[in-house]
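Here is the naming used below: chain letters follow the sequence lines, and residue numbers restart at 1 for every chain.
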Amino acid sequence: MPRRLLVTSALPYANGPIHIGHLVEYIQTDIWVRFQKLRGHECRYMCADDTHGTAIMIRARQEGRSEEELIAEMQAAHERDFAAFDIEFDNYGSTHSEENRRLCGEFWAAIRKAGLVKEESVEQLYDSQAGTFLADRFVRGTCPKCKSRDQPGDNCSVCGHHYAPIELIDPISTLSGAKPEIRSAPHLFIELEKLHGFLAEWTQADEHLQPEIANYLQGHFLGEPLRDWDISRPAPYFGFEIPDSPGNYWYVWFDAPIGYVASTQQWCDRHGEKLERWWKSPDCEIHHFIGKDITYFHTLFWPGMLKTAGYSLPAKVHIHGFLTVNGEKMSKSKGTFVKSRTYLDRLDPSYLRYFYATKLSSRVDDLDLAIDEFVAKVNTDLVNKVVNLASRTAKFVEKTGLSAKYPDDGGLFAAAAAAGDEIAEAFESCDYSRATRLILALADRANPFVEENKPWELRKDPASAGRLQDVCTIALNLFRQLAIYLAPVLPKLARQTGELLNDPITSWDQAKKPLVGTPVAKFSHMLQRVEEKDLHAMIEESKPEIGSATPAAANVGATSPAAATPQADAASAAAAAPLADAADKWNDPGAPLAAEPLASQCTIDDFAKVDLRVARIVSAEEVPEARKLLKLKLSLGGGVYKQVFAGIKAYYEPQQLVGRLVVCVANLAPRTMKFGVSEGMVVAAGSGNEAFLLTPDEGAKPGHRLH
RNA sequence: GGUCCGGUAGCUCAGCGGUUAGAGCAGGGGACUCAUAAUCCCUUGGUCGCAGGUUCGAAUCCUGCCCGGACUACCA
């Protein structure tokens, strides 16, 4: 029984190009859509560019052109990239469309009618020079808590404190450099709390969400009253003006998800379909694929909007994690922030589609692209195993075509056909890593068959011509099964296989019945091996121009030789420890070392990360409620101070510490403790039940670094 | 600090109450030469993070701890 499925990916923002991180989602979704279509379901894939908001407005202004011109250019680039990666939307729209404007009005009217809208005045920073209110990202200033300068508009990078932009001391607009003023303006809010009961139920019911997400929402948001959602922005703003609130615009996150519906509307108009059949029919399943960063919008606001406006709720919101490269966050300076263009210049899109497939599961975990793993997977799995099957047999049957009757293969084809259900289940549940594993296991059975039947020997004897044709018919049918199962992941390989065997791949069930009697086309390579050097070149190309990073690197180099010596000494001393040394008349016992053996070796670079400084304790006080902590104020000289909570209450009296020099870890990430922020650490020797602070020799000054 | 996820072979992972813990890759040995230096056969390698508990039986369930990651921040 065919299902009706409407599938979406999150709308990419029109402010930047598509990169390999975005592609995790579009590839994941496209595989799922292609799988559903291959299974014979009525499935449509909708997406659009997300075009509204301050960022677009500002950028258009900076580039001296209209927003419309900017978003048209970005959209063309996005669509080109998606097409190059074989991501096939049924409709790709824009949130800046008449369909979307009309639907936003419809949703809005319903929300108004349900009594969910209220108006409140909001104070925001206003840049009178640029003539606009400032979103968080366009403001910098001094942190109201720790007083660090030049911090972003939402939270402090030094102490981690969160605040509103208007709390910043000496705020500066990053648009004009002007000092913004505080202005208040009326904003419209949706009172989401009125939908609390519905959302609490919906998020927990019927596996609409992955269990970890449902659980997270319950604990994180639904455990307390839902906050009102500020969905309007005063002019100037690039978006849709709210019909019953002139001068105010819908916030981009209001109109963006409605863009899913608007995109479907465009598709419907083109195909003579009714929107209701997709968005208001209980027979249609709506599936959203999104990244974990926008969970909040898609699992609370959006279902609330749909429910209120009388639209279908999602059958499932599939949430994925982020891409990391070589185990780290994508980084522009490391060149791992690879744009799809840069990738396409050097590599085959099939590689990335396959690699992501082998890494994706139904969970929200981040996904890592490790360069050597990428190369190994693509070459061994796809080229050496899968494509190799065709590559080593097709040319033997170029002249004869496939046998007219499928020969006895000892049950290989039937076994692979039977595996189809399990593979399909894995695709259905978005567990593509499992699907690809199951498929590759089939390839591992097909190659030995070729090995045992030696077509290269059969071809030498004209009397074996029939057997040769049979062996190759079997091998190519086993190959074709793999191509069918991999078709959602590798549409190009499926097309090539269809051409090779003169029978297009259009349905999952084709894997159940052997193909016989068709001509076989001349074989040409289906997929090139991937070269590791191309990946490295791609990463090099993604790095920004050489800039300010150089002095830092030189600095590290300069400290290395000096610091290398003590390390070498420590290592040799440790190695010599078991031997008696005549010069050592102290015979210190081995207990302390034995109690805490040496840590694993570290490099000089590792050591250089830790900035140890001489510091003076200028004040020390008890923290009455704390069992172990003393609150210390350390001076690094020149008026630089650090507040540190040290776990030495049991061993030192505060007054005996004041004035003395100690060694502190000066670049330790600040940590908010129960009694305040600790901005460093004082080093001390000792096991768990004793502590001895270190004091430098005479002459050391606060601020001296330890090398 | 809290919440969630994870820790199984050198690497990526499967197994998630029932023979002696598996696969692929990498490593070692051999075979083959049709194939994109591909393939095939054999093989080395593991106190399943640690410690308790439940059970006839635990990698698997429970508790505590340690480590890694994600999210979040006076807070579920």
Interface polar pairs with nucleotides 37-42 of chain B, N/O, under 3.5 angstrom:
unit_1	atom_1	unit_2	atom_2	d
A38(B)	OP1	R529(A)	NH2	3.2
A38(B)	O3'	N384(A)	ND2	3.3
A38(B)	O2'	N384(A)	O	3.4
U39(B)	O2'	R392(A)	NH1	3.1
U39(B)	O2'	E451(A)	OE1	2.8
U39(B)	O2	E451(A)	OE2	3.2
C40(B)	O4'	E451(A)	OE1	3.4

Side chain of Y216(A): nearest nucleotide among U33(B), C71(B), C34(B)? C71(B)
Length of the CD1-P vector between I319(A) and C4(B), whole Å: 17 Å
Are M330(A) and F322(A) packed together at the side-chain level, in the sense that at least one heavy-atom pair is separated by less than 4.5 angstrom? no
Taking A59(B) as the reference, what is the distance to G49(B) when you measure between their P atoms (whole Å, please)? 10 Å
Does the ring of F337(A) carry K332(A) above it, NZ/CZ under 6.0 angstrom from centre and within 45° of its axis? yes
Using Watson-Crick pairs (N1 to N3, plus N6-O4 or O6-N4) and G-U wobble pairs, both distances under 3.5 Å, which stems of at least 3 pairs involve RNA chain B? B:1-7 with B:66-72, B:10-13 with B:22-25, B:27-31 with B:39-43, B:49-53 with B:61-65
Without decimals, in angstroms, what is the distance between L382(A) CG and C25(B) C1'? 14 Å
Length of the line joining I439(A):CD1 and A23(B):C1', which is rounded to integer Å: 16 Å
Selected nucleotide, minimal atom distance to R437(A) side chain, candidates G24(B), A14(B), U33(B): A14(B)
Please give, in whole Å, the distance from U12(B) P to L369(A) CG? 14 Å
To the nearest Å, how far apart are L360(A) CG and U12(B) P? 17 Å
Measure the distance from CZ on F645(A) to P on C74(B) and round it to the nearest whole Å. 16 Å
Side-chain N or O of K377(A) versus OP1/OP2 of C25(B): is the shortest distance under 4.0 Å? no
Side chains of H318(A) and H287(A): is there a donor and an acceptor less than 3.5 Å apart? yes
Does D366(A) come within less than 4.0 Å of K329(A), counting only side-chain N to carboxylate O? no
Give one of base, sugar-phosphate or nothing for K292(A), where a contact means two heavy atoms less than 4.0 Å apart. sugar-phosphate
Are W32(A) and F289(A) an aromatic pair, judged by ring center distance below 6.0 Å? yes
Using a heavy-atom cut-off of under 4.0 Å over every strand shown, decide if F396(A) touches base, sugar-phosphate, or nothing. sugar-phosphate
Close side-chain approach of V364(A) and Y216(A), heavy atoms under 4.5 Å: no
